[in-house]
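Residue numbers begin at 1 in each chain, while the letters A, B, ... track the order of the sequences.
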There are 2 protein chains.
Amino acid sequence: MTSRKSRQIKLVVLYGIALALLAFILHWFEYRFLIMDHSFEVYIGAIALLFTGLGIWLAIKLSKPKVEKIILEKKVFIQTSPKNFTPDKDNLLSLGISKREWEVLQLIGQGFSNQEIANQLFVSINTIKTHSSSLFEKLEVKRRIQAIEKAKNLRLLP
Amino acid sequence: MTSRKSRQIKLVVLYGIALALLAFILHWFEYRFLIMDHSFEVYIGAIALLFTGLGIWLAIKLSKPKVEKIILEKKVFIQTSPKNFTPDKDNLLSLGISKREWEVLQLIGQGFSNQEIANQLFVSINTIKTHSSSLFEKLEVKRRIQAIEKAKNLRLLP
DNA sequence: GAAAAAATCACCCGAAAGTATGAGCCAAAA
DNA sequence: TTTTGGCTCATACTTTCGGGTGATTTTTTC
């Protein structure tokens, strides 16, 4: 954010300098050859075109790019085999499950109640509820049982 | 696509007209009051600013949004082992689990709530509660999660 | 046909689970 | 330095679960 702002400021300053320079050059030319040889309209037109270009360039540089997002879903087939189990860290990351949420998920998977989990982790039951709620959201389920099922399918639990 | 192009053409034409009009107005002013009263630099500056604004406006109007494709991987599960699952009838009998209770157990194992199970079996939720209660008693557990665990160990559920 | 077992349902109550919202703290990142 | 994300906790409210008790109706079994 900060870098973006400073870059914008730089651009504006640059623009100002360029404007001043141009005015100076034009003024200088005015007393030399250019003005006398061309009609006023052509002169104005040239300036207009030039600064229109400058404006376009400025807009392109300054404007945040318009982005259209197209989401394609790719199906990935997975086999479940809980033999020698190691949690699938890719899935943990892609679902955005934090360490603490992961701990809670494991304990839920072992059939503990919220209160028991709270005691084991030395936090309040409300904290566990918060964690489990966000867990259910990330796993797109409504109940802890479904969370366990899904976690097993995702190879997060044995 | 066609409407986009035609709109662009319209804009360009409009821009041309605006430019011509402005040039005319400026020219007209030139011979009246404006030019004589102001320095050349101010005049140039005004035009520059104006057309810079015009350029910015044009760029914003004409710029096509960048298209960004995001590929999401959607997991699909393949169940290997529970394909041809058969419950251990010996255990069912030795525990004294009735048909109806076993049906309820299966639905519990699929993560359904009591209400959902009641709807599926076309009975009241109270009935499901009765069944699940006696189930827990027979399985010697306190919560449905533990019931599922134990049932899986006893080969009653896949 | 009578007794026993299974299935159905109701009501109450308390505990557990889950939702929604807001807020404070802190470390890592921009 | 400011912002962000993770963690913590609280409060209030709703829903679900499970225990307990009791009752009626089927179905099975003797």
Please list, chain by chain and in numerical order, all residues satisfying salt bridge (charged side-chain N to carboxylate O under 4.0 Å, His left out) with A/Lys129, sequence neighbours excluded.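 If we apply the salt bridge (charged side-chain N to carboxylate O under 4.0 Å, His left out) test to A/Lys129, skipping adjacent residues, there are no hits.
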All N/O donor-acceptor pairs, side-chain side in residues 146-158 of chain B, below 3.5 Å, sequence neighbours left out:
unit_1: B/Gln146; atom_1: OE1; unit_2: B/Lys142; atom_2: N; d: 3.2
unit_1: B/Gln146; atom_1: OE1; unit_2: B/Arg143; atom_2: N; d: 3.4
unit_1: B/Lys150; atom_1: NZ; unit_2: B/Leu139; atom_2: O; d: 3.4

Shared hydrophobic cluster for [X] and [Y] (ILVMFWY, side-chain gaps under 4.5 Å):
X: A/Trp102; Y: A/Leu107; result: yes
X: B/Phe136; Y: B/Leu121; result: yes
X: B/Val141; Y: B/Val104; result: yes

Using every non-hydrogen atom in the two residues, find where B/Gly96 and B/Glu101 come nearest and quote the distance to one decimal.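 In terms of heavy atoms, the two residues are closest at O-OE1, 3.9 Å.
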If only side-chain N and O atoms of B/Arg143 are considered, is one of them under 4.0 Å from the OP1 or OP2 phosphate oxygen of D/dG18?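 No, no such contact exists.
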Counting only side-chain nitrogens and oxygens, does A/Arg144 get under 4.0 Å of the OP1 or OP2 atom of C/dG18?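 Affirmative; the distance criterion is met.
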Would you say the side-chain atoms of B/Glu116 pair up with the backbone N or O of B/Ser113, donor to acceptor, closer than 3.5 Å?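 Yes; at least one donor-acceptor contact below 3.5 Å.
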With the threshold set at under 4.0 Å for non-hydrogen atoms, list the residues of residues 109-125 of chain B touching DNA chain C in residue-number order.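 Going residue by residue through residues 109-125 of chain B, the ones with a heavy atom under 4.0 Å of DNA chain C turn out to be B/Val123, B/Ser124.
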DNA chain C contacts made by residues 126-138 of chain A, counting heavy atoms under 4.0 Å: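 Those residues are A/Lys129, A/Ser133, A/Phe136.
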Tell me, do B/Gln115 and B/Ile128 make a side-chain contact under 4.5 Å, heavy atoms counted?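 They are not in contact (no side-chain heavy atoms under 4.5 Å apart), so the answer is no.
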How many angstroms lie between atom CZ of A/Phe112 and atom CG of A/Asn119, to the nearest 0.5 angstrom?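 With rounding to 0.5 Å, CZ (A/Phe112) is 10.5 Å from CG (A/Asn119).
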For the atom pair CG (A/Leu105) and OG (A/Ser98), what is the distance rounded to the nearest 0.5 Å?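 Going from the CG atom of A/Leu105 to the OG atom of A/Ser98 covers 10.5 Å.
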With [X], which residues qualify under side-chain hydrogen bond (donor to acceptor under 3.5 Å, both in side chains), at least two apart?
X: B/Gln110; answer: none
X: B/Glu103; answer: B/Arg100
X: B/Ser133; answer: none

Compute the angle between the rotation axes at the two ends of the helix from C/dG1-D/dC30 to C/dA30-D/dT1, each taken over five pairs, rounded to 10 degrees.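 The end-segment axes of the helix from C/dG1-D/dC30 to C/dA30-D/dT1 are tilted 50° relative to each other.
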List for me each residue that meets side chain to side chain contact (heavy atoms under 4.5 Å, CB included) alongside A/Thr127, sequence neighbours excluded, and say none if there are none.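 Only A/Val123, A/Ser124, A/His131 meet the side chain to side chain contact (heavy atoms under 4.5 Å, CB included) criterion with A/Thr127.
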If the condition is side chain to side chain contact (heavy atoms under 4.5 Å, CB included), which residues does B/Glu137 pass it with, not counting sequence neighbours?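 For B/Glu137, no residue satisfies side chain to side chain contact (heavy atoms under 4.5 Å, CB included) once neighbours in sequence are set aside.
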Quick tally for nucleotides 23-30 of chain D: nucleotides whose base has a protein heavy atom under 4.0 Å get B, sugar-phosphate-only ones S, the rest -, giving --------
Give every pair of a protein N or O atom and an N or O atom of nucleotides 26-28 of chain C that lie under 3.5 Å apart, one pair per line with the distance.
none

To the nearest Å, how far apart are A/Gln146 CD and D/dT16 P?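 Interatomic distance, CD of A/Gln146 to P of D/dT16: 12 Å.
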